[in-house]
Amino acid sequence: MTTRYFVMDTETGGLQVEDGVVEVGWVELDAQANIIDQRESLIDPGTGFICPSASGVHGITMGMVADKPTLDEFFSIADGTCYGKPIEADQIVFIAHKADFDLKFLSPHLQGEVLQVCTLRWARHLWPDCPNHTLGCLKYALNLRRDAGDAHRVMSDIMVTYDLLRLILTTLDVTLDELAERSKQPMMLHRIPFGKFKGEHPSAMDRNYIRWALNNMKEIDIDLRHTLEQSLK
């Protein structure tokens, strides 16, 4: 069985899938987490528009991407400037900071069983006392690389995520394959990431509030749901 490992990132025209991707990139790793290849490209979102608030984050404008391939073209046209094919393997270990967000844009171009490793999840679990768990904060709090280029451009964020990945592997003393397997399981959060108890230990929440959150919050990720359910027991 073939397994391929990728640290991937996108910059987007907004927060929704329909806003499109404006930059994509990745580094491919071997099973020992060594970089063996890398790709990056500006992308035409296909919408004719980039939300100004998105440009305010990554600095990418329509003028920069007007002559670039769309994401579909990038993964299908073999002309030397595009990747020209989907990413294929029996298993694809998809590594990203807030992996769910990037995967919703890239999943149509991944062919094989996808195993997610979200470095945001692991950072929250392993270093709960960081002021926050953005890459911008973590690279200073955990002494990750600071010379990777402009923040919120794909290769800069990828290289910081790669450093974070290596630290996670060392801290847990696991391989990439073992980390991918462990990432399938929910993890307890040591700090609540939302609402009036934000930043506090789950034990600070009252049971009525937990029940309300479980019954009414529409977007509860696997770790938050697990934490809330365990806090009721």
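For clarity, every value in this text was computed on a predicted model and none was experimentally measured. Every heavy atom of this structure was used, including side-chain atoms; hydrogens, water molecules and symmetry mates were not.
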Asks: Does one hydrophobic cluster hold both L165 and V174, with members joined at side-chain heavy-atom distances below 4.5 Å?
Replies: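 Yes.
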
Asks: Evaluate the side-chain proximity of M159 to V27: yes if any heavy-atom separation is below 4.5 Å, no if none is.
Replies: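 Result yes, sub-4.5 Å side-chain heavy-atom pair found.
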
Asks: Can you find a heavy atom in the side chain of M62 that is under 4.5 Å from one in the side chain of P45?
Replies: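 Yes, at least one pair of side-chain atoms sits under 4.5 Å.
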
Asks: Go through the structure and list residues passing side-chain contact (heavy atoms from CB on, under 4.5 Å) with T134, not counting sequence neighbours.
Replies: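 Expected list: N132, C137.
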
Asks: Drop me the distance from C51's SG to Q16's CD, to the nearest 0.5 angstrom.
Replies: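 If I round to the nearest 0.5 Å, the distance is 10.5 Å.
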
Asks: Working to the nearest 0.5 Å, report the span between CG of L142 and OG1 of T171.
Replies: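 L142 atom CG to T171 atom OG1 measures 8.5 Å (nearest 0.5 Å).
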
Asks: Could you pull out every donor-acceptor pair under 3.5 Å between side chains of residues 29-37 and any protein atom, sequence neighbours left out?
Replies:
| unit_1 | atom_1 | unit_2 | atom_2 | d |
| --- | --- | --- | --- | --- |
| D30 | OD1 | Q32 | N | 2.9 |
| D30 | OD1 | A33 | N | 3.1 |
| D30 | OD1 | N34 | N | 2.9 |
| D30 | OD1 | N34 | ND2 | 3.4 |
| D30 | OD2 | N34 | ND2 | 3.2 |

Asks: Would you say L103 ends up clustered with W122 if hydrophobic residues are merged whenever their side chains have heavy atoms under 4.5 Å apart, either directly or through other cluster members?
Replies: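 In one cluster: no.
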
Asks: Which residues pass the salt bridge (Lys or Arg N to Asp or Glu O under 4.0 Å) test with D129, not counting sequence neighbours?
Replies: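 For D129 the salt bridge (Lys or Arg N to Asp or Glu O under 4.0 Å) partners, ignoring immediate neighbours, are R191.
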
Asks: Where do L71 and F105 come nearest, in terms of heavy atoms and distance?
Replies: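 Where L71 meets F105 most closely, the heavy atoms are CD2-O, 3.7 Å.
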
Asks: Using side chain to side chain contact (heavy atoms under 4.5 Å, CB included), reason through L106 and F6 one step at a time and then give a plain yes or no.
Replies: CA-CA 12 Å; L106 293 173; F6 295 88; over 6 Å; no

Asks: Within the distance-only criterion (no hydrogens, no angle test), does the side chain of D223 pair as donor or acceptor with the backbone N or O of M187 below 3.5 angstrom?
Replies: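 Indeed, once roles are kept as given, a pair shorter than 3.5 Å links the two residues.
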
Asks: Below 3.5 Å, can you tabulate the donor-acceptor pairs from side chains in residues 110-120 to any protein atom, sequence neighbours excluded?
Replies:
| unit_1 | atom_1 | unit_2 | atom_2 | d |
| --- | --- | --- | --- | --- |
| E113 | OE1 | Q91 | NE2 | 3.1 |
| Q116 | NE2 | D100 | OD1 | 3.3 |
| T119 | OG1 | A96 | O | 3.4 |
| T119 | OG1 | H97 | ND1 | 2.8 |

Asks: Determine whether L164 and V154 fall in the same hydrophobic cluster, where Ile, Leu, Val, Met, Phe, Trp and Tyr are linked whenever their side-chain heavy atoms lie under 4.5 Å apart.
Replies: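 In one cluster: yes.
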
Asks: Using the rule that two of Ile, Leu, Val, Met, Phe, Trp, Tyr join whenever any of their side-chain heavy atoms come within less than 4.5 Å, decide whether V93 and V7 are in one cluster.
Replies: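 Linked within one cluster.
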
Asks: With the side chain counted from C-beta on, respond yes when L172 and R182 share a heavy-atom pair under 4.5 Å apart, and no when they do not.
Replies: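 SC-SC contact between L172 and R182 confirmed.
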
Asks: Given the rule that I, L, V, M, F, W and Y join up when any side-chain heavy atoms are under 4.5 Å apart, are I95 and L126 in one cluster?
Replies: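 As far as the 4.5 Å side-chain criterion goes, L126 and I95 are connected within one cluster.
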
Asks: Return the set of residues passing side-chain contact (heavy atoms from CB on, under 4.5 Å) with N216 (not counting sequence neighbours), or none when no residue passes.
Replies: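 Expected list: W212.
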
Asks: Can you tell me if R124 uses its side chain to pair, donor with acceptor, with the backbone of L189 under 3.5 Å?
Replies: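 Answer holds: no.
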
Asks: Aromatic rings F75 and H109: how do their planes relate, parallel, tilted or perpendicular, breaks at 30° and 60°?
Replies: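 Ring orientation of F75 relative to H109: parallel.
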
Asks: What's the spacing between R211 CZ and M205 CE if we round to 0.5 Å?
Replies: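 One gets 12.0 Å once the value is rounded to the nearest 0.5 Å.
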
Asks: Can you check whether G20's main-chain N or O pairs, donor with acceptor, with T12's side chain at less than 3.5 Å?
Replies: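 It does not hold such a pair.
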
Asks: Would you sort out whether T161 and D9 count as a side chain to side chain contact (heavy atoms under 4.5 Å, CB included), showing the intermediate values?
Replies: CA-CA 9 Å; T161 302; D9 187 43; over 6 Å; no

Asks: Give, for atom CD1 of I192 and atom CG of L228, the distance between the pair rounded to the nearest 0.5 Å.
Replies: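 Here the interatomic distance stands at 6.0 Å.
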
Asks: Only counting residues at least two apart or in another chain, list the ones meeting side-chain contact (heavy atoms from CB on, under 4.5 Å) with A204.
Replies: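 Here the qualifying residues are F197, E200.
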
Asks: Of all heavy-atom pairs between G13 and V22, which one has the smallest distance, and what is that distance?
Replies: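 Of all heavy-atom pairs spanning G13 and V22, the closest is N-CG1, 3.9 Å.
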
Asks: According to the salt bridge (Lys or Arg N to Asp or Glu O under 4.0 Å) rule, which pairs have a member within residues 12-24, sequence neighbours left out?
Replies: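 Those involving residues 12-24 are E23-R153.
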
Asks: Using links of under 4.5 Å between side-chain heavy atoms of ILVMFWY residues, direct or through other members, which residues join F49 in one cluster?
Replies: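 Same cluster as F49: nobody, lone residue.
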
Asks: Can you establish whether the number of heavy atoms outside D173 located under 6.0 Å from its atom CG is more than 12?
Replies: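 Not buried by this count: 12 neighbours or fewer within 6.0 Å.
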
Asks: What distance separates T227 OG1 from R225 CZ, expressed to the nearest 0.5 Å?
Replies: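 Here the rounded value is 11.5 Å.
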
Asks: Please give me the minimum heavy-atom distance between P108 and K104, naming the atom from each residue.
Replies: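 Heavy-atom minimum between the residues: CD-O, 4.5 Å.
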
Asks: Minimum heavy-atom separation for Q185 and I222, please, with both atom names.
Replies: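 Scanning both residues completely, I find the closest heavy atoms to be C-CD1, 4.5 Å.
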
Asks: Could you list the residues that satisfy salt bridge (Lys or Arg N to Asp or Glu O under 4.0 Å) with R4, not counting sequence neighbours?
Replies: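 Partners of R4 by the salt bridge (Lys or Arg N to Asp or Glu O under 4.0 Å) criterion, ordered by chain and then number, come out as E28.
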
Asks: What residues form a salt bridge (Lys or Arg N to Asp or Glu O under 4.0 Å) with K184, not counting sequence neighbours?
Replies: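 K184 satisfies salt bridge (Lys or Arg N to Asp or Glu O under 4.0 Å) with E181 once adjacent residues are dropped.
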
Asks: Excluding sequence neighbours, so at least two apart, what forms salt bridge (Lys or Arg N to Asp or Glu O under 4.0 Å) with D163?
Replies: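 Residues passing salt bridge (Lys or Arg N to Asp or Glu O under 4.0 Å) with D163: R145.
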
Asks: So which of D157, V24, V21 actually passes side-chain contact (heavy atoms from CB on, under 4.5 Å) with E11?
Replies: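 Per the side-chain contact (heavy atoms from CB on, under 4.5 Å) rule, the option paired with E11 is D157, out of D157, V24, V21.
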
Asks: Indicate the atoms forming the closest heavy-atom contact of D44 with K68, along with that distance.
Replies: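 Nearest heavy atoms, D44 then K68: CB-O, 3.3 Å.
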
Asks: Examine the side chains of T81 and D79 and answer whether a donor and an acceptor come within less than 3.5 Å of each other.
Replies: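 D79 and T81 do have a side-chain donor-acceptor pair below 3.5 Å.
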
Asks: Taking L138's backbone N and O only, do any of them form a donor-acceptor pair with H133's side chain (distance below 3.5 Å, no angle check)?
Replies: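 Flag not set: sc H133 to bb L138 has no pair under 3.5 Å.
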
Asks: Would you give the length of the straight line joining atom CD of Q38 to atom CD1 of I158, rounded to the nearest 0.5 angstrom?
Replies: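 Rounded to the nearest 0.5 Å, the CD-CD1 separation comes out at 8.5 Å.
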
Asks: Strictly distance-based, threshold 3.5 Å: is any side-chain N or O of D102 a donor or acceptor partner for the main-chain N or O of T10?
Replies: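 Yes; at least one donor-acceptor contact below 3.5 Å.
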
Asks: Please find the pair of heavy atoms, one from P128 and one from H190, that lie closest to each other, and give the distance.
Replies: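 Result for this residue pair: CB-CB, 3.5 Å.
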
Asks: What pairs with Y140 under side-chain contact (heavy atoms from CB on, under 4.5 Å), at least two apart in sequence or on another chain?
Replies: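 Result, side-chain contact (heavy atoms from CB on, under 4.5 Å) vs Y140: R146.
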
